[in-house]
Amino acid sequence: SVSRKDRAAILPVGRARGAVFWYAGGRFTTSRYYADTLPTWVSAYNARGGPASLAGAVWRLLLPDSAYAEPDTMAFENGGSNVAFPHALPVQADSAAARLTAFPWMDSLTLDFALAGVESLKLGRRGRPDLLAISLSTTDAIGHAFGPDSREIHDQLLRVDRWLGEFLDSLSTLVGHRGVVVALTGDHGVTSFPEYLAGVRHQRAGRISLADVARLTGERLTARYHMDFGLGFDNGLLSADVPALRSRGVNVDSLAAALADSVRRRPGVSEVFTPVALARSTERSAAAARWRRVLPAGYGWLVGVSLKPGYVWSDGKLSAEHGGMGADDLEVPIAFMGPDIGRATIMRRVSTVDIGPTLAAYINVTPTERLDGRVLKEVVTQPVAARGHPKPSVQAAGPHMN
């Protein structure tokens, strides 16, 4: 598993002690959970100095200016500075290596490193199925800075599309085109800049935070009970040390209901849930269903809030966000490509957790534990024998565009 971000490399592999690497400090590394030392091929790759060689590189448009419909001078992009092309990396090597994560070349570097790993580890040529997970995270960084309606994200996606094509061509050369099956998806979407929605599209939009509610409520409770109850706010959720509140005689349900009433009146708020209200809500509420999936059993929380379209959770920083429960943030496409997978566009709703059991069924592997997802029958359309599986060399690749 390979990524620019540590968590994006670790999570697709789970508890398995596979070969997991991420970019940090200008090089690819791992942790002692996976290995005490870096493999020789990783050290050799880092020694090439690819990130440092990009010092001073300038990000210019890939295509002629006329190919981009988006304006290039939106004042709210990139924190309000350096909003127009071209964009340059610092001329100092260390600074360039650090800033590279927000420039398109980071994805090219990640794919190149992944291909080096495929060659060194002989993935797909070891007489058994192999799994390669690649998380391309530059779209996330550029998307946060410039937003999904920007010229920068347009250019980034043009580039990553070409780099993915070159990577898959190289992978097929190494493994054979019938030895590769690809699942392509994302871990989240994004909401447009509220400033863009309001100023350009003339829609209701805005930034909202409940950090003040958590702070003031915490201060009042601390003043009365002389202890900190850990009230905090993040992405629509007011959390607290609920057992501690109850041990001091606080009626947690009444406290949550009072907070919900005050929050409900704020602009941009769509639905508000307390633990009691969530338990009583019907399955027809999409927001309630999503909150149930988000909150683990026993987690201490008081209020969960869903926003209206166009509103984002924000501390005021000028950036695009994806921490809400709306469709723009949660819905992603899923694509499969491989031998004997037919051409089709399927519009029914599925989930990213369906990818695992679908790939397992495709290569005739029985999962060793219970899975949340279901096999997507449109992908596994032929009997295993007709597809020639199991094969001695099957490469499963799952790039995540996050």
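Judged as a ring-ring contact (aromatic ring centres under 6.0 Å, His included), the pairs with a partner in residues 128-152 (not counting sequence neighbours) are, in order, His87-Phe146, His144-His322. Here side chain to side chain donor-acceptor pair (under 3.5 Å) pairs that include residues 52-63, with residues two or more places apart or in two chains, are Trp59-Asp155. Applying the ring-ring contact (aromatic ring centres under 6.0 Å, His included) test to every pair with at least one member in residues 324-352, sequence neighbours left out, gives no pairs at all.
Partner of His188 under the side chain to side chain donor-acceptor pair (under 3.5 Å) criterion, out of Asp329, Asp140, Asp328: Asp140 alone.
Classification of Asp130 and Lys122 as a salt-bridged pair fails, no side-chain N sitting under 4.0 Å from a carboxylate O. Of the charged side-chain nitrogens involved, at least one lies within less than 4.0 Å of a carboxylate oxygen, so that Arg266 and Asp212 count as a salt-bridged pair. For Glu369 and Arg15, the salt-bridge test passes: some basic side-chain N is under 4.0 Å from an acidic carboxylate O. The existence of a salt bridge linking Arg248 and Asp241 is excluded, since no basic side-chain nitrogen approaches an acidic carboxylate oxygen closer than 4.0 Å. A salt bridge links Asp372 with Arg370: at least one charged nitrogen is closer than 4.0 Å to a carboxylate oxygen.
Other residues, nucleotides and ligands contribute at most 12 non-hydrogen atoms within 6.0 Å of the CZ atom of Arg374. Other residues, nucleotides and ligands place more than 12 heavy atoms under 6.0 Å from the CZ atom of Arg48. With a 6.0 Å radius and a threshold of 12 heavy atoms from other residues, nucleotides or ligands, Arg348 has its CZ atom above the threshold. Shown here is Asp94, whose CG atom has no more than 12 heavy atoms of other residues, nucleotides or ligands within 6.0 Å.
Between the side chains of Trp22 and Ser135, no donor-acceptor pair is found at a separation under 3.5 Å.
Proximity of a side-chain donor or acceptor of Tyr68 to a complementary backbone N or O of Leu63 within less than 3.5 Å is detected. Between the side chain of Ser108 and the main chain of Trp105, no donor-acceptor pair closer than 3.5 Å is present. Counting only distance, with no hydrogens or angles, the side chain of Asp72 and the backbone of Phe85 share a donor-acceptor pair below 3.5 Å. Checked by atom type and distance alone, the side chain of Arg264 never pairs as donor or acceptor with a backbone atom of Val269 at under 3.5 Å. No donor-acceptor pair under 3.5 Å is formed between the side chain of Ser239 and the backbone N or O of Gly300. For the pair Ser95 (side chain) and Val91 (backbone), a donor-acceptor distance under 3.5 Å is absent.
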Stepwise side chain to side chain contact (heavy atoms under 4.5 Å, CB included) check, Phe229 with Leu255 = CA-CA 13 Å; Phe229 293 100; Leu255 173 63; over 6 Å; no
